[in-house]
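In this chain, numbering begins with 1 at the start of the sequence shown. Everything quoted here is computed from the prediction, not taken from an experiment.
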Amino acid sequence: MVTNEDRYSSAAQEDRCAPRTRITIPAQLRISGGRPFQTVVHDLSLGGFSAAAINRLHPGQRCWLTLPGLEALQSQVVWWDNSIVGCAFDDLLSPIVHDNILASHSGGGVFRTTA
């Protein structure tokens with residue numbers, strides 16, 4: 001089991017000051033040196049995401065998330081727990097790109113959470 005200390009000890013911590021939005025987006029994830037696999041993004045922020053990953057991934061692994069209609073976004077694994085992976089983007093998403101992704105997949109326009 002991954003502890004909170006394990007989740008946040010990585011040098012590439014997710015930007016937790018950015019609002020996180022729960023969402024369901026089909027996507028592809030590719031780990032460095034591997035083949036892409038289908039996943040579902042469960043939450044998204046300017047700084048990172050969490051997604052389904054059946055196989056164990058390890059903090060520090062490089063990966064690329066490809067969302068529908070976008071180029072692959074480079075990120076780094078921060079934590080893996082019970083088939084969910086949390087990753088931090090190497091470069092923060094543009095707020096405009098972030099809002100467009102949410103608008104495209106929320107079905108009800110753009111919204112931001114406060115927690």
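Between the side chain of W80 and the backbone N or O of N55, at least one donor-acceptor pair lies under 3.5 Å. Between the side chain of T39 and the backbone N or O of A52, at least one donor-acceptor pair lies under 3.5 Å. Between the R62 side chain and the S75 main chain, a donor and an acceptor come within less than 3.5 Å of each other.
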**Prompt:** Are Q28 and Q38 close enough, and set up right, to give a side-chain contact (heavy atoms from CB on, under 4.5 Å), and what steps lead you there?
**Reply:** CA-CA 5 Å; Q28 282 194 338; Q38 295 298 313; 3.0 Å; yes
**Request:** Start with the C-alpha gap between F89 and L44, add the side-chain angles, then the distance that decides, and say whether side-chain contact (heavy atoms from CB on, under 4.5 Å) holds.
**Result:** CA-CA 10 Å; F89 293 126; L44 182 70; 4.0 Å; yes
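For the atom pair CG of L102 and CD1 of I25, the computed distance is 6.5 Å after rounding to the nearest 0.5 Å. Of the inter-residue distances, the one linking T21 atom OG1 with D43 atom CG reads 8.0 Å to the nearest 0.5 angstrom. To the nearest 0.5 Å, atoms CG (L70) and CG (N100) are separated by 9.0 Å. Of the inter-residue distances, the one linking D99 atom CG with S94 atom OG reads 8.0 Å to the nearest 0.5 angstrom. Atom-to-atom distance recorded for I31:CD1 and H58:NE2 is 10.0 Å, nearest 0.5 angstrom. Distance CD1/I54 to CD1/I84: 10.0 Å, rounded to 0.5 Å.
Contact check for Q76 versus Q61: no side-chain heavy atoms found under the 4.5 Å cut-off. Two residues are said to be in side-chain contact when any heavy atoms from C-beta on lie closer than 4.5 Å; C87 and V77 meet this criterion. Proximity of I101 to I23: side-chain heavy atoms (C-beta onward) are nowhere separated by under 4.5 Å.
Clustering ILVMFWY residues whenever any of their side-chain heavy atoms sit less than 4.5 angstrom apart, transitively, puts F37 in the very cluster that holds L65. Hydrophobic clustering (ILVMFWY, side-chain heavy atoms < 4.5 Å, transitive): V85 and V40 are in distinct clusters. With hydrophobic clusters built from ILVMFWY side chains whose heavy atoms lie under 4.5 angstrom apart, V97 does not share a cluster with W64.
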